[in-house]
**Student:** 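Here it is, the structure in full.
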Amino acid sequence: MNMNALAEGLKLAKNYNLPEEEVLSLVKVSTGDSWVARNWSDVSEWTADTALTVLLKDLKAAYNEGLKHNVTLPFNALSSTQLFDSMGKESKAK
């Protein structure tokens with residue numbers, strides 16, 4: 001979800017006529033720093049489906065690790081369910 005937060009933050013900054021590159025430079029040296037911020041030029045063109053697919057892959061990987069090690073991950077379950085619903089998918093983890 002970091003991608004969504006950064007995209008919305010940049011949208012707000014644009015509304016105030018703040019240069020995107022300067023905002024990104026500030027984000028990269030603050031608590032907002034992330035892989036997404038450092039690679040914004042590459043990921044900013046992703047579609048919503050692309051971003052959701054990447055998130056879904058990560059949620060599934062975490063879910064499978066939890067199963068493997070008998071660790072409950074309730075927030076993963078909730079996030080996965082919400083994501084499946086938003087994507088119109090069946091909520092069956094594979």
**Student:** Looking at K68 and E65, is any side-chain nitrogen of the basic one under 4.0 Å from a carboxylate oxygen of the acidic one?
**Tutor:** yes

**Student:** Looking only at non-hydrogen atoms, find the nearest pair between G32 and V27 and report the distance.
**Tutor:**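 What the structure gives for the nearest pair is O-CG1, 3.4 Å.
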
**Student:** Using the test side-chain hydrogen bond (donor to acceptor under 3.5 Å, both in side chains), find all partners of S34 that sit at least two apart in sequence or belong to another chain.
**Tutor:** N2

**Student:** Which distance, rounded to the nearest 0.5 Å, do you find between the OG1 of T53 and the CG of D58?
**Tutor:** 11.0 Å

**Student:** Just so I know, are the side chains of L73 and Y63 near enough to count as touching, which here means a heavy-atom distance under 4.5 Å?
**Tutor:**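 In short, these two side chains do not touch, never coming nearer than 4.5 Å.
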
**Student:** Any chance you could measure L59, atom CG, to S79, atom OG, to the nearest 0.5 Å?
**Tutor:** 6.0 Å

**Student:** How long is the gap from CG on L55 to NZ on K60, to the nearest 0.5 Å?
**Tutor:** 11.5 Å

**Student:** Do the non-hydrogen side-chain atoms of L6 and L24 ever get within less than 4.5 Å of each other?
**Tutor:**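 Yes, at least one pair of side-chain atoms sits under 4.5 Å.
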
**Student:** For the NZ atom on K14, are there more than 12 heavy atoms of other groups (residues, nucleotides or ligands in this structure) within a distance under 6.0 Å?
**Tutor:** no

**Student:** Rounded at 0.5 Å granularity, tell me how far OG in S25 sits from CD in E20.
**Tutor:** 10.5 Å

**Student:** Is there a donor-acceptor pair under 3.5 Å between the side chain of T72 and the backbone N or O of P74?
**Tutor:**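 The answer is no, because no donor-acceptor pair under 3.5 Å joins these two groups.
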
**Student:** Supply the atom-to-atom distance S80 OG to L56 CG, rounded to the nearest 0.5 angstrom.
**Tutor:**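 Going from the OG atom of S80 to the CG atom of L56 covers 7.0 Å.
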
**Student:** Just wondering, do W35 and V43 contact through their side chains at under 4.5 Å, heavy atoms?
**Tutor:** yes

**Student:** Using the test salt bridge (Lys or Arg N to Asp or Glu O under 4.0 Å), find all partners of D33 that sit at least two apart in sequence or belong to another chain.
**Tutor:** R38

**Student:** side-chain contact (heavy atoms from CB on, under 4.5 Å) between L18 and L12: does it pass, once the steps are laid out?
**Tutor:** CA-CA 9 Å; L18 299 173; L12 183 60; over 6 Å; no

